[in-house]
Protein chains: 2
Amino acid sequence: MVVFMNVTQPSTRSKLLNAALQVVRTTGFEATTVDELCRTAGVTKGAFFHHFKSKEELGVEATRYWTEMTGAMFAAASYHEFEDPLDQLIAYVDFRRQLLEDHSIPEATCLLGTMVQETYSSNPVLREACRIGIETHAGTIAEIIAAAKSRHAPKASWSAEGLALHTQAVIQGAFILAKARDDLSIAADSILHLRRYIELLFHYGKEE
Amino acid sequence: MVVFMNVTQPSTRSKLLNAALQVVRTTGFEATTVDELCRTAGVTKGAFFHHFKSKEELGVEATRYWTEMTGAMFAAASYHEFEDPLDQLIAYVDFRRQLLEDHSIPEATCLLGTMVQETYSSNPVLREACRIGIETHAGTIAEIIAAAKSRHAPKASWSAEGLALHTQAVIQGAFILAKARDDLSIAADSILHLRRYIELLFHYGKEE
DNA sequence: TGACACATACCAACCAGTCGGTATGGTTGT
DNA sequence: ACAACCATACCGACTGGTTGGTATGTGTCA
């Protein structure tokens, strides 16, 4: 049972969750220590284990927190304002590309993709939590794609869900290349290829 | 100085490297312990630190070993047999998709993508080793793409290197989705989208 | 006064890496 | 031919530091 607390100064719990988003994306989940999390959040170890019964539980809660935060961010983004769902989709891809600008790699990358790489085999609970987060976001994109498809390409052989997951695959893979090169610009290049793919699928810009 | 040993029974060193490819892809690099590596390889800890001065050095050597092994595998693959480089490229993508069949997730996924996620920030040496491995493979694909481009789309605005890196991004991202779902078939779907993108870029199958 | 939200001190397990020692096969000097 | 010497390969008990987690104390507020 979560009780909503005073919003003016962040609760210890949310300080720890925010610390987790930062530190885990930088260091990875396994290499992140509880002490490091406490240091970053500015709280003690006692406070940590008061709010989370284990490091794993913090991980699961962090995926929920992440899904909530990013969900709100995407819900408020301006790409929804286009009338045509195809315009929304293209604008979403452009938005994802813009999100890379003026950010460090840990800030730009996805908590869920980072965590699931390490835990998919050793920790089914965390794996499932990451899956839910990824598919929740993919679901919102699938809705846009489904609307765009029924308007612009109703007879296409691919599914809206499949294409939505593909957009997430490209974005996740772009982050891996960016990490390997220590340079986010390569990720932007790959997302541009994704944009071009969608343009070609829908003949975008070739119709009047 | 590496001295070539008897090939009939694998050396302790290669037993450890093979163990690393398995265990690291399953467990992740950080969560993999030296003891676990030794148990899997069937050697003692003394042997481990005789051949590698640290766990990090094993990691670097494992990326080299991986790049060598997979490089030989791709060099021997049949997609090179097509005369038209565009046919080679399409066949390469199909080959990558086939590689997912009849394999578990740890067997199918990429050591370098897994390792670089965890180490890009904390271990520059390992990050660089992973980058070299990824870009070595991407380079071989870029050659094929460059040949296909000059024959079929010489005026296209995208670069061969960029598209080659994009293919690797899609494949790496597909692995992340597969790990999150604990199901490789989603990765195959994403690679099919990659195939369709290349077909559209080159108007493949629409010319006679 | 008692429940909640922490703080401090502590612990047992684990882990990378060390170290003294052994087995074996090749080289050298006589 | 053979002893002396040495390098490589390997063994496994041990260590010092770290880590996730616990036990217990303390201030605060309803």
Side-chain angles (χ1 to χ4, degrees), chain A residues 1-20 23-24 26-63 115 118-119 122-126 129, chain B residues 1-20 23-24 26-63 65 115 118-119 121-126 129:
Chain A
M1 171 71 73
V2 175
V3 177
F4 285 92
M5 323 206 153
N6 55 342
V7 186
T8 51
Q9 51 193 30
S11 68
T12 298
R13 182 186 155 89
S14 67
K15 275 195 280 187
L16 280 165
L17 289 171
N18 282 314
V23 179
V24 170
T26 306
T27 317
F29 184 72
E30 289 292 340
T32 295
T33 68
V34 173
D35 282 322
E36 167 76 16
L37 250 20
C38 294
R39 214 175 309 128
T40 305
V43 305
T44 63
K45 215 167 178 179
F48 182 98
F49 284 100
H50 176 71
H51 288 284
F52 306 100
K53 78 170 205 284
S54 66
K55 185 185 165 188
E56 178 190 285
E57 188 183 284
L58 168 96
V60 172
E61 293 301 313
T63 67
M115 283 182 69
E118 297 179 71
T119 59
S122 56
N123 196 323
V125 177
L126 265 177
Chain B
M1 172 70 73
V2 175
V3 178
F4 285 92
M5 324 205 154
N6 53 343
V7 186
T8 52
Q9 53 194 29
S11 68
T12 297
R13 183 187 154 89
S14 67
K15 276 195 279 186
L16 280 164
L17 288 171
N18 281 315
V23 179
V24 170
T26 306
T27 317
F29 184 72
E30 289 292 341
T32 294
T33 68
V34 173
D35 284 320
E36 167 77 15
L37 249 21
C38 294
R39 214 176 308 128
T40 304
V43 306
T44 63
K45 213 167 181 178
F48 182 97
F49 284 101
H50 175 72
H51 288 284
F52 306 99
K53 78 170 205 285
S54 65
K55 186 185 164 188
E56 177 192 282
E57 188 184 283
L58 169 95
V60 172
E61 293 302 313
T63 67
Y65 185 65
M115 283 182 67
E118 298 178 72
T119 58
S121 168
S122 57
N123 195 322
V125 177
L126 265 178

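First the proteins, then the strands, lettered A, B, ... as listed; each starts at 1.
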Quiz prompt | Nearest atoms (heavy-atom pairs only) where A129(A) meets T63(A) | solution = CB-OG1, 3.3 Å
Quiz item: So how far is it from T12(A) OG1 to H51(A) NE2, rounded to the nearest 0.5 Å?
Solution: 4.5 Å
Self-check item: From CD (E56(B)) to CZ (F29(B)), nearest 0.5 Å
Solution: 7.0 Å
Could you list the protein-to-nucleotides 14-20 of chain D atom pairs, N/O on both sides, closer than 3.5 Å?
residue, atom, partner, partner atom, Å
dG20(D), OP1, T32(A), O, 3.4
dG20(D), OP1, K55(A), NZ, 3.4
dG20(D), OP2, V34(A), N, 2.9
dG20(D), N7, K45(A), NZ, 2.9

Quiz item: By side-chain contact (heavy atoms from CB on, under 4.5 Å), which residues pair with T26(A), not counting sequence neighbours?
Solution: P106(A), S121(B)
Quiz prompt | Beyond-backbone contact of R13(B) with E61(B), side-chain heavy atoms, under 4.5 angstrom | solution = yes
Rounded to whole angstroms, how far apart are [atom1] on [X] and [atom2] on [N]?
X	N	atom1	atom2	result
E57(A)	dG21(D)	CD	C1'	13 Å
L37(A)	dG21(D)	CG	P	12 Å
H51(A)	dG21(D)	NE2	C1'	16 Å
F48(B)	dC19(C)	CZ	C1'	17 Å
F52(B)	dC15(C)	CZ	P	20 Å
L58(A)	dG21(D)	CG	P	10 Å

Review item, side-chain donor-acceptor pairs of residues 39-47 of chain B, under 3.5 Å, at least two apart:
residue, atom, partner, partner atom, Å
R39(B), NH1, E36(B), OE1, 2.9
T40(B), OG1, E36(B), O, 2.9
T44(B), OG1, A47(B), N, 3.4

Exercise. For E30(B), check salt bridge (charged side-chain N to carboxylate O under 4.0 Å, His left out) against everything at least two apart and list the hits.
Key: none
Quiz item: Distance check: side-chain N/O of H50(A) vs OP1/OP2 of dA5(C), anything under 4.0 Å?
Solution: yes
Quiz item: What residues, two or more places apart in sequence or in another chain, satisfy ring pair (Phe, Tyr, Trp, His ring centres under 6.0 Å) together with F48(A)?
Solution: F52(A)
Quiz item: What bend angle does the helix from dT1(C)-dA30(D) to dT30(C)-dA1(D) show across its length, from five-pair end axes and to the nearest 10 degrees?
Solution: 0°
